[in-house]
**Student:** 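Please read through the structure below; I'll follow up with questions.
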There are 2 protein chains.
Amino acid sequence: MTSSDNDIGLKSVHLTIDALELLSREQRDIGISEMANLLGTTKGTVFRHMQTLLARGYVTQSESSHRYRLGPQAACLGQSAIDHTDIVERARPHLSALREATGETVALSLVDQQGVVILSKVMGKSPLEIGVRVGSRLALHSSAQGKIALAFGPSLLLAQYERQDLASFTPHTIETTSELKAALERIRQTGIAEAPNEYMLGVNAIAAPIRDRSGALVATVAVVGSIQNVDARTKPEMIEAIVATAQKISTDLGYVGNV
Amino acid sequence: MTSSDNDIGLKSVHLTIDALELLSREQRDIGISEMANLLGTTKGTVFRHMQTLLARGYVTQSESSHRYRLGPQAACLGQSAIDHTDIVERARPHLSALREATGETVALSLVDQQGVVILSKVMGKSPLEIGVRVGSRLALHSSAQGKIALAFGPSLLLAQYERQDLASFTPHTIETTSELKAALERIRQTGIAEAPNEYMLGVNAIAAPIRDRSGALVATVAVVGSIQNVDARTKPEMIEAIVATAQKISTDLGYVGNV
DNA sequence: CACCGCCGTTTCGCATAGCGTAACAATGTT
DNA sequence: AACATTGTTACGCTATGCGAAACGGCGGTG
């Protein structure tokens, strides 16, 4: 799971990040010995790193078990990261408008070299709330946003993704590379992606690409909801609205051009 | 601004964190030279740190200006931190209930050795939304939650806070240490704190302490809203509700006892 | 247009800073 | 009560991250 480019940059910083991401991955508290095993290093080393992170508030230590978990300062930093991403501000009114038009939950996700991260959402009108967690990374092969990223994003993404197994979440999850490639080809032609039942049964999302001045894919807008309300085949007007929203946000970012 | 305990722990990790927090503090992108100045180190060093953070997605570099800003991975980590804090889950139903009872925005904030961080909120019913940012740290002397932290929290907090100047946000902000001490004394007696007009004119908050099994202050619940709806003197039933909510959450965390 | 100044990036040798090993203390388990 | 865990501390070596200075690119200015 740990990236292969751990050799570029500072070793101890990489280790600290590895530790933080380990704590972020597991939802339980983790002790020093276990971390040392999982990270492939020694107890003493991990201890020093935890000391440092503890002093800064990025991890907390349970009084009783002496195990560690992520601390509030990490939350603080994370929120700042969202605030500093100007796409979020720029897109906000368009997202609200799209939610108003469709009544469904709308989500903005950023694309980076590691995949897609949800940065902002506006909840739909339905009393049963269906949404996505801000700050979560989506699976690339089984989410509408992820497929947009694979189809239009950095080729590096697709390349490094092909070496992995495609995790299966439901019977409808795409499982073979050839199926995925066919799907991506269709997405490149239509300009939108959906993922009905692929991550969770009964849930669908339709996503469209957002580009910046340079024409590179930087984000996606998506409508998320129950499969009976969000369906590309039965709601052409919804697709229209999503694509139009993506266009507007792209234009706001300085993108010019249609292809 | 940088903590005095930068000598405990790993130097390069501290520097990386310093850099991240610098980027989080300023809302503009920052170049390497400027960071080196602000952090009291050299360009080369900062460059290596940015390389590392770049490879991991915690910062992004602008194509054009080559300046740096916080990246999406930081947002990812931050959200995980919130998800891993079980108080958030435990408190959720109580917060919703309190919002239902009062109609106002309700916020849960965690207390750590550096102050208070908002971790969760439920927006009020008023069409004009008044709230607080999740992930933001509040001023200790001019927010209801901050004063709760100073009054009941780790004495270390108060001690290190006395050495600082009390920033003034409005004409009503407490500015002298003696005033603050008097206010804290009152808060210790009544068990609740408010901060009318102290951070922003027209806005008030009323907060109560949440304790864990050991009896230590770990969090606060607060109602936030316009000063005409949220006022400790005219709404005794609101205070009742807040204190009761804090009690319930404390009990859920294993706290026993009244004082 | 050539100059200058500033930027981010790269290189390199040195000393420090962080690593691993191993002993220690504090638990809770058998 | 012996033991097998845990988290914590101590210490010496060497890898590692640091600082100073040189490099290339860009944008302004005379």
Side-chain angles (χ1 to χ4, degrees), chain A residues 2-23 26 28-71 113 213-214, chain B residues 2-23 26 28-71 113 213-214:
Chain A
T2 37
S3 323
S4 59
D5 43 17
N6 256 26
D7 42 0
I8 196 176
L10 308 183
K11 192 176 168 190
S12 68
V13 174
H14 274 298
L15 183 56
T16 277
I17 294 177
D18 283 337
L20 285 172
E21 292 185 351
L22 174 63
L23 289 173
E26 316 277 337
R28 62 208 166 79
D29 300 7
I30 307 187
I32 275 199
S33 303
E34 189 178 356
M35 290 182 84
N37 277 350
L38 292 170
L39 298 174
T41 181
T42 61
K43 288 192 296 179
T45 300
V46 175
F47 176 71
R48 251 163 325 182
H49 280 261
M50 288 300 123
Q51 285 278 91
T52 314
L53 293 172
L54 209 51
R56 294 305 215 96
Y58 289 85
V59 301
T60 317
Q61 188 173 205
S62 149
E63 287 281 340
S64 51
S65 68
H66 286 193
R67 291 214 190 84
Y68 297 86
R69 74 177 61 175
L70 289 180
Q113 283 152 351
R213 179 173 299 112
S214 74
Chain B
T2 39
S3 322
S4 59
D5 43 17
N6 257 25
D7 43 359
I8 196 176
L10 308 184
K11 192 177 168 190
S12 69
V13 174
H14 273 298
L15 184 56
T16 276
I17 294 176
D18 282 338
L20 286 172
E21 292 185 351
L22 175 64
L23 289 172
E26 316 278 335
R28 61 208 166 79
D29 299 8
I30 307 186
I32 276 200
S33 302
E34 189 179 357
M35 289 184 85
N37 277 349
L38 293 170
L39 297 174
T41 181
T42 62
K43 288 193 294 180
T45 301
V46 175
F47 175 71
R48 250 165 325 191
H49 281 260
M50 289 300 122
Q51 283 278 91
T52 314
L53 294 173
L54 208 51
R56 294 305 214 95
Y58 288 86
V59 301
T60 317
Q61 187 173 205
S62 148
E63 286 281 340
S64 52
S65 68
H66 286 192
R67 292 213 191 85
Y68 298 86
R69 74 177 60 177
L70 289 180
Q113 283 151 353
R213 179 173 298 110
S214 74

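Since we're looking at a predicted model, the values are computed, not measured. Quick note on labels: first sequence line is chain A, next is B, and so on, each numbered from 1.
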**Student:** Check whether any side-chain N or O of B/Q61 sits under 4.0 Å from OP1 or OP2 of C/dC7, and answer yes or no.
**Tutor:**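 Checking B/Q61 against C/dC7: no side-chain N or O falls below 4.0 Å of OP1 or OP2.
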
**Student:** Quick test of your reading of the model: are B/R213 and A/E63 salt-bridged, counting only N-O distances below 4.0 Å?
**Tutor:**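 Judged by the 4.0 Å cut-off on N to carboxylate O distance, B/R213 and A/E63 do not form a salt bridge.
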
**Student:** Using whole Å, what does the distance between atom P of nucleotide D/dT6 and atom CE of A/M50 come to?
**Tutor:**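 Those two atoms, CE and P, are 16 Å apart.
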
**Student:** So which heavy atom on B/L54 is nearest to which on B/Y68, and how close?
**Tutor:**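 Heavy atoms of B/L54 and B/Y68 come nearest at CD2-CE2, 4.2 Å.
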
**Student:** How close or far is atom P of D/dG17 from atom CG of B/L53, stated in whole angstroms?
**Tutor:**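 Checked: the CG to P distance equals 13 Å.
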
**Student:** Taking only the side-chain nitrogens and oxygens of B/Y68, find out if one of them lies under 4.0 Å from OP1 or OP2 of C/dC7.
**Tutor:**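 The answer is no; no side-chain N or O of B/Y68 sits under 4.0 Å from OP1 or OP2.
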
**Student:** Expressed in angstrom and rounded to an integer, what is the separation of B/E63 atom CD from C/dG8 atom C1'?
**Tutor:**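 Roughly 14 Å, once rounded to whole Å.
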
**Student:** Rounded to whole angstrom units, what separation is found between the NE2 atom of B/H14 and the P atom of D/dG17?
**Tutor:**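 B/H14 atom NE2 is separated from D/dG17 atom P by 15 Å.
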
**Student:** Measuring from atom CG of B/L70 to atom CD of B/E26, what distance do you get when rounded to the nearest 0.5 angstrom?
**Tutor:**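 Answer rounded to 0.5 Å: 11.5 Å.
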
**Student:** What integer distance in Å separates B/N37:CG from C/dC6:P?
**Tutor:**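 These atoms are roughly 12 Å apart.
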
**Student:** Which whole-number value in Å describes the distance from A/D29 CG to D/dG7 P?
**Tutor:**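 For the pair A/D29 CG and D/dG7 P, the rounded distance is 11 Å.
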
**Student:** For the side-chain contact (heavy atoms from CB on, under 4.5 Å) test, which of A/K43, A/M50, A/Q51 pairs with A/F47?
**Tutor:**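 Considering A/K43, A/M50, A/Q51, a side-chain contact (heavy atoms from CB on, under 4.5 Å) with A/F47 is found only for A/Q51.
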
**Student:** Would you check, one step at a time, whether the test side chain to side chain contact (heavy atoms under 4.5 Å, CB included) holds for B/H66 with B/I32?
**Tutor:** CA-CA 9 Å; B/H66 286 192; B/I32 276 200; over 6 Å; no

**Student:** Could you give the CZ-to-P distance, from B/F47 to D/dC18, as a whole number of Å?
**Tutor:**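 Roughly 14 Å, once rounded to whole Å.
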
**Student:** Test A/L38 against A/D18 for side chain to side chain contact (heavy atoms under 4.5 Å, CB included), laying out the working first.
**Tutor:** CA-CA 10 Å; A/L38 292 170; A/D18 283 337; over 6 Å; no

**Student:** Starting at atom NE2 of A/H66, determine the distance to atom P of C/dA25, rounded to an integer number of angstrom.
**Tutor:**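 Nearest whole value for this atom pair: 16 Å.
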
**Student:** Report, as a single string ordered 5' to 3', how protein heavy atoms within less than 4.0 Å touch nucleotides 13-22 of chain C: B base, S sugar-phosphate only, - not at all.
**Tutor:** ----SSBBB-

